Each structure stands twice: as structure tokens, then as C-alpha cells.
Student: 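Have a look at the structure that comes next, please.
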Amino acid sequence: MTLDVMIDLETAGSKPDAAILSIGVVAFDPNDALTPLITPLSSGVSSTFYRNIELQSCLDLGMTVDGDTWYWWMSQSQGARDSLIDDRHDIQPALWDLYNWMASINDRSLSDSGYVPVCPFPGHVWAWPPS
């Protein structure tokens, strides 16, 4: 079975260069899309991936914060805001963690040759259309 993934990003803006605040992903069987896999996969890998991102690591790479979006975040519940605070990771290691997780969910091992494929698994990536 080849799994697909659904990615949800929380960002500090709506433009392509917006800083990323969190990355959430769930693996699912596209033939049974209404039933997400919430238990570990047969390989023992979690069927979900989540990382809060350290805002400064995004800003250091030239990503931006949009004032209107930031004010929107400030108008959200304390729980929603707090959910972005705990256990933050720098963006670059978090993206490598995501890459490795995506490779592992379909039992695809990464090559020792140094070649890094653009997409590490044969499934599809689902997400809100990027802009």
C-alpha cells in the first residue's frame, strides 16, 4: 500500500515567503481517505508528523511576517497561540526531519550515495493550494 500525506502549515503571512510557525502532516490511504491513519504504521513509524518552528530561524533565512496575519494570530484563543510556543525547532532541521519521515512512511530508505531525491516517497502530497 502506498500512502499519501496531507500537509498543514501555520504561517505568519499568506505570501510564498511567509515564515512558517508549524508543520503538521498525516499519512493516509488514498483508497480510504476518510479514515486517517492515527496508529503507528506497520514499520513502527508514526502516521503523523508535527513540528513547531522557531520564528527567528525563518527570519534568518529571509522569510517574512505579515502584520495583518500576526494581528489575526493575536486575536486567536490563548490555547491556539500557546500551541505554537512549545518545543520549537529551527526550520532547516525540521524540514530534514519531515523529509526523513516522508521517506520512512512508505518504507523507502534513503540512498547512501549522497543523492537526495526531491520527493522521497511515491505517494501524493495534499495541501491547501500554495500561493
Side-chain angles (χ1 to χ4, degrees):
M1 165 179 61
T2 297
L3 299 175
D4 286 3
V5 294
M6 174 70 73
I7 298 177
D8 182 41
L9 298 178
E10 298 300 339
T11 63
S14 58
K15 296 180 181 172
D17 65 347
I20 297 171
L21 303 175
S22 71
I23 303 168
V25 189
V26 64
F28 65 95
D29 179 349
N31 297 315
D32 189 11
L34 296 179
T35 308
L37 299 171
I38 56 173
T39 58
L41 305 173
S42 60
S43 61
V45 173
S46 172
S47 60
T48 61
F49 176 92
Y50 186 84
R51 293 287 185 282
N52 281 330
I53 304 301
E54 179 61 52
L55 178 60
Q56 188 62 51
S57 70
C58 293
L59 297 176
D60 290 346
L61 293 173
M63 296 172 152
T64 63
V65 174
D66 174 72
D68 287 339
T69 302
W70 194 253
Y71 285 125
W72 180 87
W73 273 111
M74 294 302 102
S75 72
Q76 300 308 299
S77 71
Q78 186 66 43
R81 293 191 316 266
D82 287 349
S83 71
L84 299 173
I85 300 294
D86 295 335
D87 195 27
R88 294 183 314 266
H89 300 260
D90 284 351
I91 185 68
Q92 290 176 309
L95 290 174
W96 275 113
D97 290 347
L98 174 59
Y99 179 94
N100 289 321
W101 177 82
M102 289 175 72
S104 68
I105 64 168
N106 282 310
D107 297 323
R108 302 263 308 235
S109 59
L110 299 178
S111 169
D112 292 331
S113 67
Y115 171 73
V116 179
V118 172
C119 188
F121 74 101
H124 293 95
V125 176
W126 299 73
W128 187 255
S131 60

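FYI, side chains are in, hydrogens and waters are out, and symmetry mates aren't considered; it's all heavy atoms of this structure. Residue numbers start at 1 and run along the sequence shown. Nothing here was measured: the structure is a model prediction, and the numbers come from that model.
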Student: How long is the straight-line distance from CD1 of I23 back to OH of Y50, given to the nearest 0.5 Å?
Tutor: 9.5 Å
Student: Tell me, with the steps shown, if V5 and V26 meet side-chain contact (heavy atoms from CB on, under 4.5 Å).
Tutor: CA-CA 6 Å; V5 294; V26 64; over 6 Å; no
Student: Mind checking what makes salt bridge (Lys or Arg N to Asp or Glu O under 4.0 Å) contact with D97, not counting sequence neighbours?
Tutor: R51
Student: Would you mind reporting whether M102 and V125 have side-chain heavy atoms less than 4.5 Å apart?
Tutor: yes
Student: How far does CG of L21 sit from CH2 of W73, to the nearest 0.5 angstrom?
Tutor: 6.5 Å
Student: When rounded to the nearest 0.5 angstrom, what distance separates CG in D87 from CD in E54?
Tutor: 11.0 Å
Student: Nearest 0.5 Å, please: how far is CG in L98 from NE2 in H89?
Tutor: 12.0 Å
Student: Report all side-chain donor-acceptor pairs from residues 64-72 shorter than 3.5 Å, counting only partners two or more places apart or in another chain.
Tutor:
{"from": "T64", "atom 1": "OG1", "to": "D17", "atom 2": "OD1", "distance (Å)": "3.1"}
{"from": "D66", "atom 1": "OD2", "to": "D68", "atom 2": "N", "distance (Å)": "3.3"}
{"from": "D66", "atom 1": "OD2", "to": "T69", "atom 2": "N", "distance (Å)": "2.9"}
{"from": "D66", "atom 1": "OD2", "to": "T69", "atom 2": "OG1", "distance (Å)": "3.0"}

Student: So, does S57 use its side chain to make a donor-acceptor pair with the main chain of I91 at under 3.5 Å?
Tutor: yes
Student: Determine whether a donor-acceptor pair (N or O, by modelled atom type, separation under 3.5 Å) exists between the side chain of N52 and the backbone of S83.
Tutor: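 Present.
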Student: Say you draw a straight line from CD of Q92 to SG of C58; how long is it, rounded to the nearest 0.5 Å?
Tutor: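 Separation between the atoms: 9.5 Å.
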Student: For the atom pair CD (Q56) and CE (M63), what is the distance rounded to the nearest 0.5 Å?
Tutor: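 Answer rounded to 0.5 Å: 12.5 Å.
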Student: Linking I/L/V/M/F/W/Y whenever their side-chain heavy atoms sit closer than 4.5 Å, directly or via other members, would I53 and L9 fall into one cluster?
Tutor: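 In one cluster: yes.
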